[in-house]
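What follows is a single structure, written as structure tokens, with notes after it.
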Amino acid sequence: MGHPLGFIGTDVYARYLRMTGHNVIHTMGYDAFGLPAEQYALQTNTHPRVTTERNIANMRRQLRRLGLAHDPRRAVSTTDVDFYRWTQWIFLQIFGSWYDADADRARPIAELEAELDAGTRRPAPGTNPGDTPWATLDASGRRAVLNAHRLAYLAEVPVNWCPGLGTVLSNEEVTADGRSERGNFPVYRRPMKQWMLRITAYADRLIDDLDLLDWSDAIKSQQRNWIGRSTGARVRFATPAGDLEVFTTRPDTLFGATYMVVAPEHPLVGALTTPEQASAVADYVAAAGRRSELDRQADAKEKTGVFTGTHATNPVNGESIPIWVADYVLMGYGTGAIMAVPAHDQRDLDFATAFDLPVVDVIAPADGSERGETAFVGAGTAINSANDEVSLDGLAVDDAKAAIIAWLEGKGLGEGTVQYKLRDWLFSRQRYWGEPFPIVFGDDGEPRALPESELPLVLPPMEDFSPTTSDDADSEPEPPLGRVEGWSTVEIDLGDGSATYRRELNTMPNWAGSCWYELRYLDPTNADAFVDPEVERYWMGPRSPEDCGGADLYVGGVEHAVLHLLYARFWQKVLFDLGHVSSKEPFRRLFNQGMIQAYAYLDDRGFYVEAADVVERDGRYYLGDQEVRRELGKMGKSLKNAVAPDDMCERYGADTLRLYEMFSGPLDQGRPWDTTAVVGMYRLLQRIWRVFVDEETGEVRVGSGEPTDEGLRALHRTIASVREGMETLRFNTSIARITELTNHLTLTYPDGGVPRALAEPLVLLLAPVAPHIAEELWTRLGATGSLAYEPYPVADPAWLLDDTVEVPVQVNGKVRGRVTVAADASKDDLEAAARADDKVAALLADATVRKVIVVPGKMVNFVVG
RNA sequence: GCCCGGGUGGCGGAACGGCAGACGCGGUGGACUCAAAAUCCACUGUCCGAAAGGGCGUGCGGGUUCGAAUCCCGCCCCGGGCACCA
């Protein structure tokens, strides 16, 4: 367990909400399927079921020790059979539906089948390879067409094959330099038939609904960037090998296209290559294939490529332009082919310069400047862009785009379109530790859903669950479940009589369970549904027509920005479309807690030394006599700078640890851990304790006297600020106000006898942050039950107003004096009081007052000149 | 390169456009103690000054305003994400 900053944060907030009369679900679960858990099990040579359960038990103990008031009845684990039967059930919902682009929502596949039967709908493009009419297709052919529509489908596509882990990975699990996020193994792009989830169908809604969410801009923009929506056009260029389609965001520059480029993996490369160029192109394509993503990026600036020998015709002006093969065009985006407009795209200009290709300017900068080494990509006016039928000349970029798209569409040469970077979610893993797919295959090779009655499909026990890994990029995936005796086939009646089917041997990725676990918290023991619809509506349903619904608060790390948080939103939307939930977003408010870092120390060989043994002398750091270098880093074993929460509990108690973590800064900010500063909160608790208890005698020393006005004023002011801090999750300021009140009480009543009317609210104010000591003091004050449901103190507005206020008096904006006046003093009275102040009067004596600004109750400013 | 955050004492951090540095750590001095630890009290942005008092201060440079840490423009630095995405 890392530092429990976020857990403590939600606990404080949940306790506060409970005391302010809210019905609160505060719980947490264990998402323990998948690569992290399985890799750990492999390292320790123990079954993942064992390591998982052991880790969960240890974590429960640590959480309990911190006094985290999670509801244990709702603490689900994604690896429990009772849980993953519903993960499988939801997968079947996804498998059992298709995206109706007209209705812009998912619908049950049976409705598609009915519409196809009725002839009111035709198969979507690309779902019916032979174009055989639906009515004349046989059962297997129809199944294939339906399967191609599903939100969960099998496809032979380029995937991320990671032999080091023995499995394929999703795009989101691969780092920018082409390695696995988990384990840092190399990843290779390779075509393979795998399960995909059609998250791209939701691309627009995933972007647009971000506007409904109370999330940080950082996470929102990460999701927007990842989905990568760009609007533009597809345009078809005629070539001897047939039409070559490109995607461009700048159709307005079509007249400036002077050559084309296809990716080395483009299917038309062979057909486009002339015999004279064949060997050069073949060499280039082979070389590009050998280069990893990393290599390609390393020398991204150096443009390479080969001419195919073939020319295409620019559809707008009939120009014959050469077609090249170059690896700066990626097969994975757009159509894998581009039109190159070197005048207005830097990459194209670099390439054109390297290979001496022509450059034609078609957009004139507004300022009339000349193009130099850099392409002009800014806004301007179209020039040199006219044919017999259409002229863009003189149009601004946006107008030119609209005009040329209209022309292209009229001629059937292209159309306006939207392109996304987001790819469908690769959902199968060749690993053991995950949910088995509730899917079987018939003789025709088409997948079929297992009936709900077959759920849960229990993960069969395995002694040797290890994946088949290698360092060979050309190795083949071998799912471990294939090694389970009697598992790979099953005899079952799926409606056509009993038959033998092959089981799907892949398992789901670790993100599957966490796509919906927040919904299970609501109704954790329901055996008839993943969540009762009414229960879901009560806790997560929208509260107004504009509200997207969802959990009220989700606290988590930023690392899930494009993984868990994207996937979970997708599943929620599918469930919403199918009518299973009333909320279209899973997490209405997301709060990213910061990471607690710690100083780490390196010796002169560059090795980390035990941070706990390092001492500071005169601003330098030493291990014994040896000076060491300090840096700030993530806490952990590798940097030898871990501080275990358990140790802190041992030394100072859980309440001190909770206070320290909440006090040292706002929840969303990372900060260095500072063990020496922990004592501050320990002292605070001691001072509070002494307000209530005589250390010599153990007697309660709270008095029965009446509080003074001053005391009540301090109390109510504290209540107001503490509440504000609680509401805004800025617990650090709440704790500071509690400290001030405590200091006020200890100074005012040095010998004890703090009036009960002040002491009781102090305990209640403290309770959410330091529940253990608060409960103890509450009992000492004579209560018999817990204070967890006591009403949180409410500030009386009457005590928030002072009779008199001290107001700063400025001369030319600089504070020169202070005057004390009645809180409701008028402007004139305030100005008169300010003028009467000795120091101010002296400054005003030999100056001309040009202007006087008086803000009643706030300040006075004399402008003199 | 692009997109997000963020720069305030020795440190963590407070401050509806209105007293910069709350609160805590550390430091200094004191109380308690045979002594230490623990605890408690006082002081603690910086410069000049014996003091009273004054100058300067929120990364840098401009601007708006009676008044800017806060709003605007242009830079610099740090952290995170994306990146040959057409």
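Here is the naming used below: chain letters follow the sequence lines, and residue numbers restart at 1 for every chain.
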Summary of side chain to side chain donor-acceptor pair (under 3.5 Å) pairs that have at least one residue in residues 743-752 of chain A, sequence neighbours excluded: A/R687-A/N743
Sequence neighbours excluded - side chain to side chain donor-acceptor pair (under 3.5 Å) pairs with any residue from residues 659-670 of chain A: A/H3-A/E661, A/S664-A/R671
[atom1] gap between [N] and [M], integer Å:
| N | M | atom1 | value |
| --- | --- | --- | --- |
| B/C43 | B/G21 | P | 15 Å |
| B/G59 | B/G7 | P | 8 Å |
| B/U39 | B/C48 | C1' | 38 Å |
| B/G18 | B/G53 | P | 27 Å |
| B/A20 | B/U58 | C1' | 7 Å |
| B/G55 | B/C2 | P | 44 Å |
| B/A83 | B/G9 | C1' | 40 Å |
| B/A69 | B/G17 | C1' | 11 Å |

How would you label the contact of [X] with the nucleic acid (heavy atoms, under 4.0 Å): base, sugar-phosphate, or nothing?
| X | answer |
| --- | --- |
| A/R229 | nothing |
| A/K851 | sugar-phosphate |
| A/A677 | sugar-phosphate |
| A/P666 | sugar-phosphate |
| A/E740 | sugar-phosphate |
| A/N861 | base |

Could [X] and [Y] be called an ion pair, given the rule that one side-chain N must be under 4.0 Å from one carboxylate O?
| X | Y | result |
| --- | --- | --- |
| A/R835 | A/E831 | yes |
| A/R224 | A/D211 | yes |
| A/D345 | A/R250 | no |

Comparing A/T676 and A/T248 on RNA chain B - which has the more 5′ nearest nucleotide: A/T676
Those residues that, when tested against A/E172, pass salt bridge (Lys or Arg N to Asp or Glu O under 4.0 Å) (two or more places apart): none
Qualifying residues under salt bridge (Lys or Arg N to Asp or Glu O under 4.0 Å), relative to A/R690, sequence neighbours excluded: A/E695
Run the ring-ring contact (aromatic ring centres under 6.0 Å, His included) test against [X] and tell me which residues pass, sequence neighbours left out.
| X | value |
| --- | --- |
| A/F663 | none |
| A/H266 | none |
| A/Y420 | none |

[X] [atom1] - [N] [atom2] separation (whole Å):
| X | N | atom1 | atom2 | answer |
| --- | --- | --- | --- | --- |
| A/E695 | B/A38 | CD | P | 15 Å |
| A/E724 | B/A22 | CD | P | 19 Å |
| A/D668 | B/G13 | CG | C1' | 13 Å |
| A/L349 | B/G1 | CG | P | 18 Å |
| A/R651 | B/A38 | CZ | C1' | 13 Å |
| A/R224 | B/C4 | CZ | P | 10 Å |
| A/M595 | B/G81 | CE | C1' | 14 Å |

[X] side chain: which of [options] is closest?
| X | options | value |
| --- | --- | --- |
| A/M681 | B/C25, B/G24, B/A22 | B/G24 |
| A/V679 | B/A86, B/G26, B/A22 | B/G26 |
| A/M859 | B/G18, B/A20, B/U39 | B/G18 |

Ring-ring centroid check A/W673 A/Y599, cutoff 6.0 Å: no
Between the protein and nucleotides 40-48 of chain B, list every N/O to N/O distance that falls short of 3.5 Å.
unit_1 : atom_1 : unit_2 : atom_2 : d
B/C40  : OP1    : A/R690 : NH2    : 3.0

Pairs involving residues 852-865 of chain A, ordered by first then second residue, that meet salt bridge (Lys or Arg N to Asp or Glu O under 4.0 Å) (sequence neighbours left out): none
Side chain proximity check, A/T239 to A/I323, heavy atoms < 4.5 angstrom: yes
From CD (A/E727) to OG (A/S734), nearest 0.5 Å: 9.5 Å
Which nucleotides of RNA chain B pair, in dot-bracket form (Watson-Crick or G-U under 3.5 Å, | meaning another strand): (((((((..(((.....[....)))((((((.......))))))((((....))))..(((((..]....))))))))))))....
B/G9, syn or anti by chi within 90 degrees of zero: syn
Over-ring placement of A/R569 relative to A/W215, 6.0 Å and 45° cut-offs: yes
OP1 or OP2 of B/A83 under 4.0 Å from side-chain N/O of A/N225: no
N/O to N/O distances under 3.5 Å, protein versus nucleotides 27-31 of chain B:
none

Using atom names, set out every protein N or O paired with an N or O of nucleotides 6-12 of chain B below 3.5 Å, distance rounded to 0.1 Å.
unit_1 : atom_1 : unit_2 : atom_2 : d
B/G12  : O2'    : A/S664 : O      : 2.5

Parallel, tilted or perpendicular, as decided by the 30° and 60° cut-offs, for the rings of A/F351 and A/Y328: tilted
